[in-house]
Undergrad: 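Here's a structure for you.
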Amino acid sequence: MEKVILVTGANSGIGLALCERLLCEDSRLQLCLACRNMQRAEAARSALLTSHPDAHIDLLHLDVGSVRSVLHAAHKVKARYNRLDYLYLNAGIMPNPQIDIKAFFKGLFSSNVVKMFATAEGLLTQQDRVNKDGLQEVFATNLFGHFVLVRELDSILCQAGQTSRVVWTSSSNARRSAFSLEDVQHRLGTEPYASSKYASDLISLALNRHNNSQGLYSSVICPGLVMTNLTYGILPSFFWTLIMPIMYLIRIFTNTFTLTPYNGAGALHSLFLKKPESLDPRAKYHSLTSGMGSNYTQPRQMDIDDDMSEALYVKLLEMEKAARKRLKEEDDNKQAYKKYLNQTE
Ligand SMILES: NC(=O)C1=CN([C@@H]2O[C@H](COP(=O)(O)OP(=O)(O)OC[C@H]3O[C@@H](n4cnc5c(N)ncnc54)[C@H](OP(=O)(O)O)[C@@H]3O)[C@@H](O)[C@H]2O)C=CC1
Ligand SMILES: CC(C)=CCC[C@@H](C)[C@H]1CC[C@H]2C3=C(CC[C@]12C)[C@@]1(C)CCC(=O)C[C@@H]1CC3
């Protein structure tokens, strides 16, 4: 049977470019585009079918920021497929981003300028909000929903005699100092994005510790700075167009300016081709692009440790348990109310 690959956030940007690259690699793959907006998902499927008319592309409704939707989607996946070879955890948000202009100009004339362009450290803040599950939206979308998805799909990910892969789209913006075990959702800070991406780095390490023996391998990638809906939300598109020549110039000094979704998906694609046993669980695989435009992948060690990753893993398990309990209570109450209505009719 052909490999089954599920990609979250597959309807645009890096996720869609990954699907295109995977189909160029092997058009017989069974691709499942897991998206929250089915209209955009349909459009993505049509675009992929234009270049790969015989491709097997399914759609799956998944709002990764909602635990109920994650459980429902996982149920459907298990009913549809009896194996899952690759699970790309790519959906992500950065709501209400704000650039610190003063810090930008200060950084421009400091020795840290290359690092600033590569990681956006000290430049970027976001305004988060609480979602329907009572969780911080950035944490819920970028990390927790994906964590629950992996856990819920473990019966088809961890099968005897075969290996499966989970790949997180992290970021160079992930930073230890933006994350706290006392505030894993980043309720109190202004860098929920950096915190959620650092948390995904930690969780990938924990998943390897807990699941390698069952044949499940987790990896983390960084796509570099890519022009997508996410980056167009940071600055208006006319501004990006205006500074595009400068961006190509900066690329000579920092190979992290991958710019196109195709180049950004390079590391995701290269992990598809690598043997799981050859992967370094402590490395982040970076999509890079040289000044001349050539696209390559390079592993770089992450600033993570086992104790912290285990502590976060345990916290997420507790949060998952609480979320499941709350949903069960909601369902029970709905059932009881229905029964009451039937009795009073
Ligand atoms: N662009 C960049 O420079 C970088 C991006 N990244 C990461 O790459 C990943 C892909 O982002 P990118 O391609 O840039 O941006 P896009 O905004 O183009 O893609 C994000 C995708 O995630 C989906 N998504 C968002 N929220 C949810 C949700 N609740 N449920 C399901 N899907 C959801 C979006 O769907 P919809 O269309 O419905 O919004 C979209 O398909 C993200 O994780 C991002 O953090 C990391 C480093 C740099
Ligand atoms: C002249 C010029 C290029 C100005 C742009 C300044 C900033 C808007 C960018 C500099 C570094 C960028 C960056 C990101 C967003 C845009 C910048 C802050 C990300 C945070 C986008 C999402 C990520 O996951 C990582 C990126 C790191 C670099």
Side-chain angles (χ1 to χ4, degrees), residues 7-19 33-41 43-44 60-67 69-70 73 88-95 97-101 103-105 107-108 113-126 131-132 137-138 140-146 149 167-175 191 193-194 196-198 200 220-236 239-240 242-251 253-254 256-261 263-265 267-268 284 286-287:
V7 183
T8 71
N11 61 270
S12 68
I14 297 158
L16 180 56
L18 167 68
C19 294
L33 315 187
C35 308
R36 63 176 166 181
N37 181 317
M38 295 319 277
Q39 234 175 326
R40 282 183 225 158
L60 175 75
H61 181 256
L62 167 66
D63 176 353
V64 82
S66 150
V67 177
S69 171
V70 170
Y88 283 100
L89 306 173
N90 168 76
I93 53 165
M94 182 193 275
Q98 300 260 289
I99 299 271
D100 184 337
I101 301 288
F104 174 72
F105 282 106
L108 210 52
V113 58
V114 172
K115 190 176 177 200
M116 177 184 85
F117 278 122
T119 66
E121 184 174 338
L123 274 193
L124 208 57
T125 56
Q126 304 89 31
N131 72 4
K132 273 196 291 185
E137 196 178 20
V138 175
T141 308
N142 296 1
L143 182 80
F144 189 62
H146 283 137
L149 184 65
V167 186
W168 298 79
T169 305
S170 179
S171 164
S172 56
N173 194 237
R175 213 175 65 252
E191 294 179 280
Y193 183 82
S196 71
K197 294 296 179 181
Y198 184 74
S200 72
V220 178
I221 73 103
C222 169
L225 175 61
V226 188
M227 301 318 300
T228 62
N229 292 339
L230 185 140
T231 30
Y232 286 123
I234 299 174
L235 292 170
F239 188 82
W240 283 115
L242 217 64
I243 63 168
M244 209 33 91
I246 304 175
M247 307 263 282
Y248 279 98
L249 206 68
I250 295 172
R251 189 195 256 181
F253 303 98
T254 171
T256 58
F257 273 39
T258 43
L259 302 181
T260 62
N263 284 353
L268 292 166
K284 186 176 285 182
H286 289 254
S287 300

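Counting starts at 1 for both ligands and their atoms, in listed order.
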Undergrad: Near Gly224, which atoms of ligand 1 are under 4.0 Å from a heavy atom of that residue?
TA: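 So the answer, numbered in order with elements, is 2 (C), 3 (O), 4 (C), 47 (C), 48 (C).
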Undergrad: Does Asn90 approach ligand 1 within less than 4.0 angstrom via side chain, backbone, both or neither, non-hydrogen atoms only?
TA: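 For Asn90, the contact with ligand 1 is made by both the backbone and the side chain.
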Undergrad: Show which atoms of ligand 1 fall inside a sub-4.0 Å distance from at least one heavy-atom site of Gly9.
TA: 21 (C), 22 (O), 23 (C), 41 (O)
Undergrad: Below 4.0 Å, non-hydrogen atoms only: which portion of Thr231 touches ligand 1? Side chain, backbone, both or neither.
TA: side chain
Undergrad: Quick test of your reading of the structure: of Val226, Leu259, Ile221, Thr141, whose heavy atom lies closest to atom 2 (C) of ligand 1?
TA: Val226
Undergrad: What atoms in ligand 1 come closer than 4.0 Å to a heavy atom of Gly13?
TA: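 Those atoms are 13 (O), 18 (O).
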Undergrad: Among the heavy atoms of Gly145, does any lie under 4.0 Å from an atom of ligand 1?
TA: no
Undergrad: At less than 4.0 angstrom from any non-hydrogen atom of Gly92, what atoms of ligand 1 do you find?
TA: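 So the atoms of ligand 1 that pass are 20 (C), 22 (O), 25 (C), 42 (C), 43 (O).
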Undergrad: Looking at Asp63, which atoms of ligand 1 are within less than 4.0 Å of one of its heavy atoms?
TA: 28 (C), 29 (N), 30 (N)
Undergrad: Do other residues, nucleotides or ligands put more than 12 heavy atoms under 6.0 Å from Phe239 CZ?
TA: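 Not more than 12 within 6.0 Å, no.
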Undergrad: Show the short N or O contacts, below 3.5 Å, that ligand 2 makes with protein N or O atoms; if there are none, say 'none'.
TA:
unit_1	atom_1	unit_2	atom_2	d
ligand 2	24 (O)	Ser171	OG	2.6
ligand 2	24 (O)	Tyr193	OH	2.7

Undergrad: In ligand 1, which numbered atoms sit nearer than 4.0 Å to a non-hydrogen atom of Thr169?
TA: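 Under 4.0 Å from Thr169, ligand 1 has these atoms: 7 (C), 8 (O), 9 (C), 43 (O).
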Undergrad: Thr8 and His146: side chain to side chain donor-acceptor pair (under 3.5 Å), yes or no, with the steps?
TA: CA-CA 9 Å; Thr8 71; His146 283 137; 2.9 Å; yes
Undergrad: Test your reading of the structure: does Cys35 have an N or O sitting under 3.5 Å from an N or O of ligand 1?
TA: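 No: no nitrogen or oxygen of Cys35 is under 3.5 Å from one in ligand 1.
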Undergrad: What atoms of ligand 1 come within less than 4.0 Å of a heavy atom belonging to Ala91?
TA: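 Under 4.0 Å from Ala91, ligand 1 has these atoms: 22 (O), 23 (C), 24 (N), 32 (N), 33 (C), 43 (O).
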Undergrad: Using heavy atoms and a threshold below 4.0 Å, how should the contact between Pro261 and ligand 1 be classified: side chain, backbone, both, or neither?
TA: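 Neither part.
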Undergrad: Would you mind listing which atoms of ligand 1 come within a distance below 4.0 Å of any non-hydrogen atom of Ile93?
TA: 25 (C), 26 (N)
Undergrad: Once ring pair (Phe, Tyr, Trp, His ring centres under 6.0 Å) is applied, do any residues pair with Tyr193, and if so which ones, sequence neighbours excluded?
TA: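 Result, ring pair (Phe, Tyr, Trp, His ring centres under 6.0 Å) vs Tyr193: none returned.
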